[in-house]
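Notes follow once the structure below has been shown.
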2 protein chains.
Amino acid sequence: MTTMKEIARQTGVSVSTVSLVMNHRDAGRVKPEIASRVRETARQLGYQINPMARSLRTNSTRILGFISDAVATTPYAGGMILGAQSAASRLGYMLITVSTDGGMKEDDEIDALKRYGADGFLYAKMSNRITDVPSKLLDYPVVLTDATDRNGVIPSVEPNEFLIAYDATTHLIKAGCERIAYVGCSETMIAQEGRLAGYRAALENAGRDFDERVVTNVPNNGPALREVSTLFDAEHPDGFFCFNDARAWYVYECAARRGLTVGKDISVVGVDNHRVFAETLEPQLTTVELPHFEMGYWAATKLISMIENRPMNDIEWPKTTAPLPPIDAPIPAKIHCTLLEKGSVAR
Amino acid sequence: MTTMKEIARQTGVSVSTVSLVMNHRDAGRVKPEIASRVRETARQLGYQINPMARSLRTNSTRILGFISDAVATTPYAGGMILGAQSAASRLGYMLITVSTDGGMKEDDEIDALKRYGADGFLYAKMSNRITDVPSKLLDYPVVLTDATDRNGVIPSVEPNEFLIAYDATTHLIKAGCERIAYVGCSETMIAQEGRLAGYRAALENAGRDFDERVVTNVPNNGPALREVSTLFDAEHPDGFFCFNDARAWYVYECAARRGLTVGKDISVVGVDNHRVFAETLEPQLTTVELPHFEMGYWAATKLISMIENRPMNDIEWPKTTAPLPPIDAPIPAKIHCTLLEKGSVAR
DNA sequence: ATGAAAGCGCTAACAG
DNA sequence: CTGTTAGCGCTTTCAT
């Protein structure tokens, strides 16, 4: 492993000069010619900065802690992690992920992350809920992902449920459906509210009436199938907007039992939480994916902007890597998530 | 953040003594009475070792790199990560996870991990395949997870497909099924071979004949439904062992169209890859879960044993935390995965 | 049995 | 503009 000392020796300058150059702090402080000689030897030697040594000095590790409650039991987490990792990676940060399912004590995991010097934390829930942020986190920069702070002080990135439902419903309208049902969720979730509103807005915007008879809120298991069944026989919808793919499955089963084929006799749009339908049922089912990647991406970006204490749109993007969502504040409208700046945010 | 210096000051000893004690290297070198005074102040001050500073000296970070190819697109990864995290955490290690889907360049991620000082790597694929280990990894300790090294030199932890299929089929036999079909996978995967053998062995062990007519290997999409349909009408099986839940879904759809109810008229056991069925269809469907958690757990354990250069069964387990798979070599038989020691392993 | 001192690779004052 | 110096928190000889 090449060190600055080595570069200094080979270039015939001091380590401090090398340090300055390697950290792009050489403008007006190091003669350009020397600077470029330093860069050249660094390149030749394949120099990689030693983040450990640096953090020991600076008390900043460029490590982000990602705390999730359910990496093992849902596929959602993966997308978020990936989004966060992408943003982090582009800005020179690293992500350490811990999960608190599987019997891991949350506080212990937070301690471990702190020991390893995390500069800030992403606190992720796997579906938008009012959330208490662990007090251990409050002395660090934190951004919530797919969750809402109970006290309204921590910034969060959440799905735009209204837009998701609006677009899905509009899709069914354009596909020619006459009677569009909403198979919702009976648990009180933040998502449900926005979805219903979006569904309603899309209908009314198309000059249709909102009809309570085709709206059903089913719980997550067994008896749900009966409710969907009733809906089928009583209302004969030809389009279904489903809260998630478990509900989409009820629709499939009911259709099959009635000799109806999805994609021909009826249309279904489901919000895709698991990937099984996406893999199996295309092109019968249109799935809407929750913007997990984007949420992770923007949350990490926001977190870094807090850590480095500069505004979102001031963040300098390395030009080196592949195309990804551009970084301009605010989050582009067509991406279905929103950044909620909260009271605690300096600017 | 309390430092050793502070503890030394308050206890009236030197830092070296504190270091000795905090690293449990004090046996016979520090007077027991002093040692316990040191431990006491450390406890009072809530001392936590600074891993950065330590690694700067020792060139060992107790960081494990977990490289996955698909955290975002499958839910498998989560379980593995969690298992690896559990084992790591119990042995005082930390896991840094990177994924190479989502356009991340694998080599770049490996470089980043190396910069952060990873002591070794877990290289995970999301279904058992013959795999080339990136050459960048070969100068570090590596364990493959759910993958098999093409050159047969890297140790790996893989699912025991035979056992999985054997148990699933036996389950159907005990449930009273007379004619048990195997809905397999037509892609050449390592899993398929073991599953078919396990299915066959279970049948023969129960004194039944293996009957090719109820064995079907369907590809992953569309036309598959027709093959299952044919199987239904031509052979009338009353039990189905499905390669995964996409295939289980075909069986469900066919059953529904024939007015048959799963859990009453026919029985289905599917290997659960996604969670949707587990969440939705209980108790109609019996799912067998792949031992993702266990694979991650054992792989991390093995990796640490390699890093610290001691045998698996020599690993000291902290007694502090919740019950988890016990650590004795070999891996207990009822856990459906196997550790393959390979040529490169010292012992 | 304990402490003093050097040094891991880097950054940041401060001199020059 | 560039180099010298000190020190981040820890481990590790080497004296005592």
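Any value given below was found using the heavy atoms of this structure, including those in side chains, with hydrogens, waters and symmetry copies removed. Because the structure is a prediction, the values reported are computed rather than measured. Throughout, a chain's letter reflects where its sequence line sits, starting with A, and its residues are numbered from 1.
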**Complete:** For Thr3(A), the side-chain hydrogen bond (donor to acceptor under 3.5 Å, both in side chains) test, sequence neighbours excluded, returns none
**Interface limits on DNA chain C, where chain B has a heavy atom under 4.0 Å of a nucleotide atom** = dA1(C) to dG9(C)
**Message:** Suppose we screen for salt bridge (charged side-chain N to carboxylate O under 4.0 Å, His left out). Which residues come up paired with Arg9(B), at least two apart in sequence or across chains?
**Reply:** Glu6(B)
**Asked** Is a salt bridge present between Glu40(B) and Arg37(B), judged by a nitrogen-to-oxygen distance below 4.0 Å?
**Response** no
**Item:** Minimum-distance pair of heavy atoms, taken over all atoms of Asp69(B) and Thr100(B)
**Value:** CA-OG1, 3.5 Å
**Angle between terminal axes - the helix from dA1(C)-dT16(D) to dG16(C)-dC1(D), 5 pairs each end, rounded to 10°** = 50°
**Message:** Across nucleotides 10-16 of chain D, 5' to 3', mark each nucleotide with B, S or - according to how protein heavy atoms within less than 4.0 Å reach it.
**Reply:** BBB----
**Prompt:** Does Glu308(B) come within less than 4.0 Å of Arg62(B), counting only side-chain N to carboxylate O?
**Reply:** yes
**Item:** Contacts of Asp107(A) that satisfy side chain to side chain contact (heavy atoms under 4.5 Å, CB included) - sequence neighbours left out
**Value:** Lys105(A), Ile110(A), Lys136(A)
**Asked** Closest approach of Ile63(B) and Tyr93(B), non-hydrogen atoms and distance?
**Response** N-CD2, 4.2 Å
**Message:** If you take any heavy atom closer than 4.0 Å to DNA chain D, which residues from residues 32-42 of chain A end up in contact?
**Reply:** Ile34(A)
**Message:** Looking at every heavy atom in both Ser68(B) and Ala77(B), which two are closest together, and how far apart are they?
**Reply:** OG-CB, 4.2 Å
**Asked** So, Glu106(A) and Tyr123(A): side-chain donor and acceptor under 3.5 Å apart, yes or no?
**Response** yes
**Prompt:** Residues two or more places apart in sequence or in another chain: which of them pass side chain to side chain contact (heavy atoms under 4.5 Å, CB included) with Val30(B)?
**Reply:** Thr17(B), Leu20(B), Val21(B), Asp26(B), Ile34(B), Ala35(B)
**Message:** For Tyr140(A), give me all partners under side-chain hydrogen bond (donor to acceptor under 3.5 Å, both in side chains), at least two apart in sequence or on another chain.
**Reply:** none
**Asked** Between residues 111-118 of chain A and DNA chain C, which residues have a heavy-atom gap below 4.0 Å?
**Response** none
**Item:** Counterpart residues, side-chain hydrogen bond (donor to acceptor under 3.5 Å, both in side chains), relative to Asp132(B) (two or more places apart)
**Value:** Arg150(B)
**Prompt:** Do Gln85(A) and Glu109(B) have side-chain atoms, one donor and one acceptor, less than 3.5 Å apart?
**Reply:** yes
**Message:** Any donor-acceptor pair under 3.5 Å linking the side-chain atoms of Thr41(A) with those of Thr11(A)?
**Reply:** yes
**Asked** Where each residue is assigned the nucleotide of DNA chain C containing its nearest heavy atom, which of Val30(B) and Leu56(B) is assigned the position nearer the 5′ end?
**Response** Val30(B)
Enumerate, atom names and distances included, each donor-acceptor pair closer than 3.5 Å involving a side-chain atom of residues 49-58 of chain A, sequence neighbours excluded.
residue: Asn50(A); atom: OD1; partner: Met52(A); partner atom: N; Å: 2.9
residue: Asn50(A); atom: OD1; partner: Ala53(A); partner atom: N; Å: 3.1
residue: Arg54(A); atom: NH2; partner: Asn23(A); partner atom: OD1; Å: 2.6
residue: Ser55(A); atom: OG; partner: Pro51(A); partner atom: O; Å: 2.3
residue: Ser55(A); atom: OG; partner: Met52(A); partner atom: O; Å: 3.4
residue: Thr58(A); atom: OG1; partner: Arg54(A); partner atom: O; Å: 2.9
residue: Thr58(A); atom: OG1; partner: Ser60(A); partner atom: N; Å: 3.3
residue: Thr58(A); atom: OG1; partner: Ser60(A); partner atom: O; Å: 3.2

